[in-house]
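Sequence positions, counted from 1, serve as the residue numbers for this chain. Order of listing sets the numbers, starting from 1, for every ligand and every atom in it.
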Amino acid sequence: NSSIRLAQVERHYVQGESRLTILDHADMEIRAGEMVALVAPSGAGKSTLLHIAGLLEKPDGGDVFVNGTSCKGLDDAGRTDMRRSSIGFVYQFHHLLPEFSALENVMLPQMIRGLPRKVAADRARMLLEYMRLGQRVTHRPAELSGGEQQRVAIARAVANNPYVLLADEPTGNLDPLTSNYVFDAMTALVRQSGVAALIATHNHDLAKRMDRAITLRDGKIIDHVLV
Ligand code: ADP
Ligand code: ADP
């Protein structure tokens, strides 16, 4: 039972006469509770892969399955619904809304889905406490450290209990000590929630601590052995 599966996914970019193949009948599968490192040099297609897995971009061929459901036949509204209900995103820069408190930032995705304010607030508080931010709920992003901001962003990403968590260099902007702390918090949350996590990182030490690593080669998604 995979939480996210790419089946024979194709993605090409056409520039004038030339055609650049990023994904060539690529397959990938991540199970619930699994943490997978995405390791590849820049330009290899990591963002493209994350965008396709996150239903932000349509592949030119193949299909993406979220918790076993094919996304091929979905129209834009269907893809947006699926993304909002089933997929969480974390970026290198937190992208929190500056005018809102930590609590409100984590409430927002739940409110967009139509959950009552009280339910959203209770869950946001629980997630922030889990991320050891219980003393920071009323702080705005600018009043938080870089590591705290990223932990709020991670709490927000899982606010709607997604099947899939996609992270693009989530610790790329942090010093090594803070990176470790944020990574530990993220790991605990992944294990506790059973979300399937795909985490792009250039941090070799963090990649080694995940269940396995993948990379992109000749348009295929393949296992990557970290030594
Ligand atoms: P990464 O995230 O690993 O740096 P990307 O997925 O952003 O890689 O890009 C992979 C390759 O595809 C790069 O060579 C990039 O220049 C190219 N590319 C990305 N987006 C486009 C686009 N919209 N049009 C043309 N080429 C693109
Ligand atoms: P919202 O619910 O705020 O309208 P969407 O449903 O459009 O957001 O997108 C869901 C998630 O995908 C959000 O975390 C948003 O930041 C992210 N996102 C939306 N568009 C893009 C994009 N072009 N590139 C990267 N991330 C995006």
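Applying the 4.0 Å criterion to heavy atoms of Gly45 picks out, from ligand 1, the atoms 1 (P), 3 (O), 5 (P), 6 (O), 8 (O), 10 (C). Residue Leu20 has at least one heavy-atom neighbour below 4.0 Å for each of these atoms of ligand 1: 12 (O), 14 (O), 17 (C). Below 4.0 Å from some heavy atom of Ser42 lie the following atoms of ligand 1, by number and element: 4 (O).
With a 4.0 Å heavy-atom cut-off, ligand 1 is reached by the side chain of Ile22 but not by its N, CA, C or O.
Residue contacts with ligand 1: Gly43 is included, with a non-hydrogen atom under 4.0 Å away.
With 3.5 Å as the limit, one finds a donor-acceptor pair spanning the side chains of Asp63 and Ser70. Using modelled atom types, one finds a donor on one side chain and an acceptor on the other under 3.5 Å when comparing Asp175 with Thr178. For the residue pair Gln110 and Asn160, no side-chain donor N or O sits within less than 3.5 Å of a side-chain acceptor on the partner.
Among protein heavy atoms, atom 24 (N) of ligand 1 sits closest to Tyr13 CD2, 3.5 Å. Protein heavy atom nearest atom 2 (O) of ligand 1, with residue, atom name and distance: Ser47 OG, 2.6 Å. In terms of protein heavy-atom proximity, atom 6 (O) of ligand 1 is nearest to Thr48 OG1, 2.6 Å.
For Arg191, the CZ atom is densely surrounded, since the number of other residues' heavy atoms within 6.0 Å is greater than 12. The number of heavy atoms from other shown groups lying within 6.0 Å of CZ (Arg125) does not exceed 12. Under a cut-off of 6.0 angstrom, the local environment of CZ in Phe100 is sparse, with at most 12 non-hydrogen atoms contributed by other residues, nucleotides or ligands.
The shortest N or O to N or O distance between Lys46 and ligand 1 is under 3.5 Å.
Ring geometry for Tyr91 versus His95: interplanar angle over 60°, hence perpendicular rather than tilted (30 to 60°).
Not a single protein heavy atom sits closer than 4.0 Å to atom 16 (O) of ligand 1.
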